[in-house]
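Only one structure is covered here, and it is reproduced in the block below.
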Amino acid sequence: MDFSLAKKERLKSKKHIEKLFAEGRHVSNFPLKLVYLNTHFADRASLKAMVIAPKKNFKSAVSRNRIKRVLREAYRLNKHVVFNNIEGHYALAILYLGKEMPDYEMANHKMQGLLKKFNEEVSNEKTS
RNA sequence: ACGGCAGGCUACCUUAUCGCUCCGUUACGAACUUGUUGACUUACUAAAGUUGAGGUUUCAAUUUUUUUAAAAUACGAUGGUUUUUAUAAACGGGGAGGAAAGUCCGGACACCGUAGUGCGGCAUAGCGGGUAACACCCGUCACCUUGGCUUAAGGUCAAGGGCGGACAAGUGCAACAGAAAGCAAGUACAGUUCGGCUGUAGUGAAAUCAGGUAAACUCUAUGUGGUGAAACGUCAUGUAAACCAGUGUUUGAAAGCGGCACGCUUGAGCUGGAGGGUAGGCGGUUUGAGCUUUUGGGUAACCAAAAGUCUAGAUAAAUGAUAAGGGUUCGCGUGAAGUGAUAACAGAAUCCGGCUUACGGCCUGUUUUAAAA
RNA sequence: CGGGAUGUGGCGCAGCCCGGUUAGCGCACACGCCUGGGGGGCGUGGGGUCGCAGGUUCAAAUCCUGUCAUCCCGA
């Protein structure tokens, strides 16, 4: 099983990000929120993800870095849940909405829940 | 012993699994193909949605998805051929700070015309030294504060502070008190060479004294061109270098990032309307006023020489996560054992020298208080 | 990365440039009066480390230096 998170699996283009927030749909599992959009990429990656920690809730750069690292780690170890069950190409943005520092165990648990919800949402769209 | 102040050091470690980034090696690699593919755009096919007209399923506009075709290249990914070979990876190494912070000063570097003249603006301010430079650092003096000794005044020693040019150019300001706070007046007492001459008292921070005040305007001396890595160079850039109005072409528009004027340079566009397009890649970029050690010079800041050494380079932005063990400090406990918590402040963004602020631990010196001798 | 502004009673502001006698204004708050009561009006009163620290000065909200916080702007 592939746990890596290479450059091509990260969402980086400004254009894609603007499009994602303008047109994307969202699923949330507090304190996490996932914004996603079915699109396609130049380098044929099937999933591109980014992690966001808002400056409004966390003033310190150290805290924001810590949150992003924890969430990225949780995504990295759980992305197979989505990767193996999905068709099409998606841009993802994962936001942290809480106001307190997350620990890894909680983040991991919530991430699994969030990705499962995302799967259900996508398969519902397909069938309906 | 606790606390304060000053100075110095340090900024948890080891192992396992998984992950990120850069470099190197295997393998200096080189040449070719108009290879394939990737943003966006245009036309066409089909479907769905929205809006308007119309009035019962038509028309128009528009959005999204989709079919086919056209479509330039940097760059990325991925193939093929040739030269002597090869899986598309493996292995090895490096990877946040003392403040990376605030952006308060000074530089390097780059471009703007090698940037001229005048005015203005800004900064600095005892003296000497250090430095690439500084508003920084070192030394020192006037002066101030505290304490000791001594005294008629005062002097001297120790510690700490020490943002300090000019009011003998001009202008302004001075509450309350006071006769009077600056060109006008003058209380009381005493002295007197009899001159509104001198002294004392009283008010006040300051009282005819070259008065006080410049962290008041100002003056003096010195320095200062501007803009900042989204600087700048380079590769690529299909479609609009089109349309309408105004203005201008040697009688000079406009530009050249100065606050203004002069001067200088370029020399045909510029302004507005309505609209169209937009995508970046590479370099700059980490070898530098570098770091460590030793020796010599200097009160010191610092300088010189020799030897050794290479120490982050990301870009929607890496430097991490989990588990186990150990260490440090703190809490509970009289102590031991035990047990619980656990590093404070904080995250490079062109690079250096300072300043300021935040902050855990250890060491040294000094000092207050308490206890004991 | 660069530029700018603001901190004054519970809230919103003035005063600062050019220092001076008691730091004002509106709303809010408390008490009293007018009314049968409410609303409203009138009167009286309380409430201020002038963000923080240091300095200049006889004297600082005001001048100077440093610092903290908040907000805004450009790319």
Side-chain angles (χ1 to χ4, degrees):
Chain A
M1 198 167 288
D2 182 19
F3 289 116
S4 71
L5 187 64
K7 240 178 185 175
K8 59 192 286 188
E9 292 181 53
R10 283 180 260 159
L11 187 61
K12 300 171 99 165
S13 157
K14 184 173 180 179
K15 222 178 158 55
H16 278 131
I17 293 166
E18 277 172 1
K19 194 174 176 186
L20 171 62
F21 280 99
E23 303 173 12
R25 305 169 63 85
H26 57 87
V27 185
S28 71
N29 182 20
F30 190 83
L32 302 178
K33 178 175 175 181
L34 177 73
V35 180
Y36 64 94
L37 181 71
N38 192 334
T39 180
H40 57 278
F41 302 107
D43 54 9
R44 289 185 176 180
S46 60
L47 279 174
K48 274 178 182 286
M50 66 187 297
V51 165
I52 299 173
K55 197 169 189 177
K56 192 178 175 185
N57 292 343
F58 297 94
K59 295 283 180 194
S60 159
V62 175
S63 308
R64 291 199 302 276
N65 276 349
R66 167 82 187 168
I67 290 166
K68 285 194 282 185
R69 282 167 181 161
V70 166
L71 293 187
R72 195 153 50 220
E73 194 72 8
Y75 172 76
R76 179 173 72 79
L77 295 175
N78 290 305
K79 67 171 182 174
H80 61 273
V81 173
V82 174
F83 202 78
N84 296 337
N85 299 325
I86 210 162
E87 291 181 359
H89 307 303
Y90 284 89
L92 310 176
I94 299 163
L95 287 80
Y96 185 76
L97 301 176
K99 290 194 164 49
E100 288 168 12
M101 288 297 295
D103 59 353
Y104 174 75
E105 203 168 314
M106 188 272 275
N108 195 27
H109 183 73
K110 293 287 184 184
M111 183 63 73
Q112 286 174 5
L114 183 70
L115 294 180
K116 272 177 196 163
K117 269 179 138 177
F118 170 62
N119 267 346
E120 288 167 16
E121 198 74 15
V122 169
S123 54
N124 285 346
E125 278 176 24
K126 292 273 176 197
T127 52
S128 62

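A, B, ... follow the sequence lines: proteins, then strands. Residue 1 opens every chain.
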G-U wobble or Watson-Crick pairing nucleotide for [N] (cut-off 3.5 Å, both distances):
{"N": "B/U78", "answer": "B/G35"}
{"N": "C/A69", "answer": "C/U6"}
{"N": "B/C122", "answer": "B/G223"}
{"N": "B/U309", "answer": "B/G290"}
{"N": "B/G95", "answer": "B/C20"}
{"N": "B/G199", "answer": "B/C189"}
{"N": "B/A108", "answer": "B/U350"}
{"N": "B/C332", "answer": "B/G338"}

Rounded to whole angstroms, how far apart are [atom1] on [X] and [atom2] on [N]?
{"X": "A/Y104", "N": "B/U17", "atom1": "OH", "atom2": "C1'", "result": "12 Å"}
{"X": "A/R72", "N": "B/U21", "atom1": "CZ", "atom2": "P", "result": "10 Å"}
{"X": "A/L77", "N": "B/G320", "atom1": "CG", "atom2": "C1'", "result": "11 Å"}
{"X": "A/R64", "N": "B/A318", "atom1": "CZ", "atom2": "C1'", "result": "17 Å"}
{"X": "A/N108", "N": "B/A323", "atom1": "CG", "atom2": "P", "result": "11 Å"}
{"X": "A/L71", "N": "B/A321", "atom1": "CG", "atom2": "P", "result": "12 Å"}

Pairwise [atom1] distance, [M] and [N] [rounded to whole Å]:
{"N": "B/C75", "M": "B/A61", "atom1": "C1'", "value": "40 Å"}
{"N": "B/U285", "M": "B/U21", "atom1": "C1'", "value": "16 Å"}
{"N": "C/G2", "M": "B/G228", "atom1": "P", "value": "10 Å"}
{"N": "B/A125", "M": "B/C217", "atom1": "P", "value": "16 Å"}
{"N": "B/G347", "M": "B/C18", "atom1": "C1'", "value": "24 Å"}
{"N": "B/U311", "M": "B/G296", "atom1": "P", "value": "32 Å"}
{"N": "B/G233", "M": "B/G275", "atom1": "P", "value": "35 Å"}
{"N": "C/U8", "M": "C/G51", "atom1": "P", "value": "6 Å"}

Give the minimum heavy-atom separation between [X] and [Y], together with the two atoms involved.
{"X": "A/I67", "Y": "A/A53", "result": "CG2-CB, 4.0 Å"}
{"X": "A/Y104", "Y": "A/L77", "result": "OH-CD1, 3.0 Å"}
{"X": "A/A93", "Y": "A/I52", "result": "CB-CD1, 4.5 Å"}
{"X": "A/Y96", "Y": "A/L71", "result": "CB-CD1, 3.8 Å"}

Task: Close side-chain approach of A/V62 to A/R66, heavy-atom, < 4.5 Å - done: no

TODO: Record whether the side chain of A/R76 comes under 3.5 Å of the base of B/C18 through a donor-acceptor pair of N or O atoms.
DONE: yes

TODO: Check if the side chain of A/E73 and the base of B/G320 share a donor-acceptor pair of N or O atoms closer than 3.5 Å.
DONE: yes

Task: Proximal nucleotide (of B/G347, B/A317, B/G320) relative to the A/R66 side chain - done: B/G320

TODO: Hey, which sits more toward the 5' end of RNA chain B by its nearest nucleotide, A/V51 or A/N65?
DONE: A/V51

- [ ] Using heavy atoms to find the nearest nucleotide of RNA chain B for A/S63 and A/K68 separately, return the residue whose nucleotide is more 5′.
- [x] A/K68

- [ ] Would you please confirm or rule out a distance under 4.0 Å between OP1 or OP2 of B/G19 and any side-chain N or O of A/R69?
- [x] no

Task: SB check A/E120 A/K117 (cutoff 4.0 Å) - done: no

Tell me whether [N] sits syn or anti, counting syn as a glycosidic angle within 90° of 0.
{"N": "B/U287", "value": "anti"}
{"N": "B/A152", "value": "anti"}
{"N": "B/U285", "value": "anti"}
{"N": "B/G98", "value": "syn"}
{"N": "B/U237", "value": "anti"}

- [ ] Without swapping roles, check the side chain of A/N78 against the backbone of A/A74 for a donor-acceptor pair under 3.5 Å.
- [x] yes

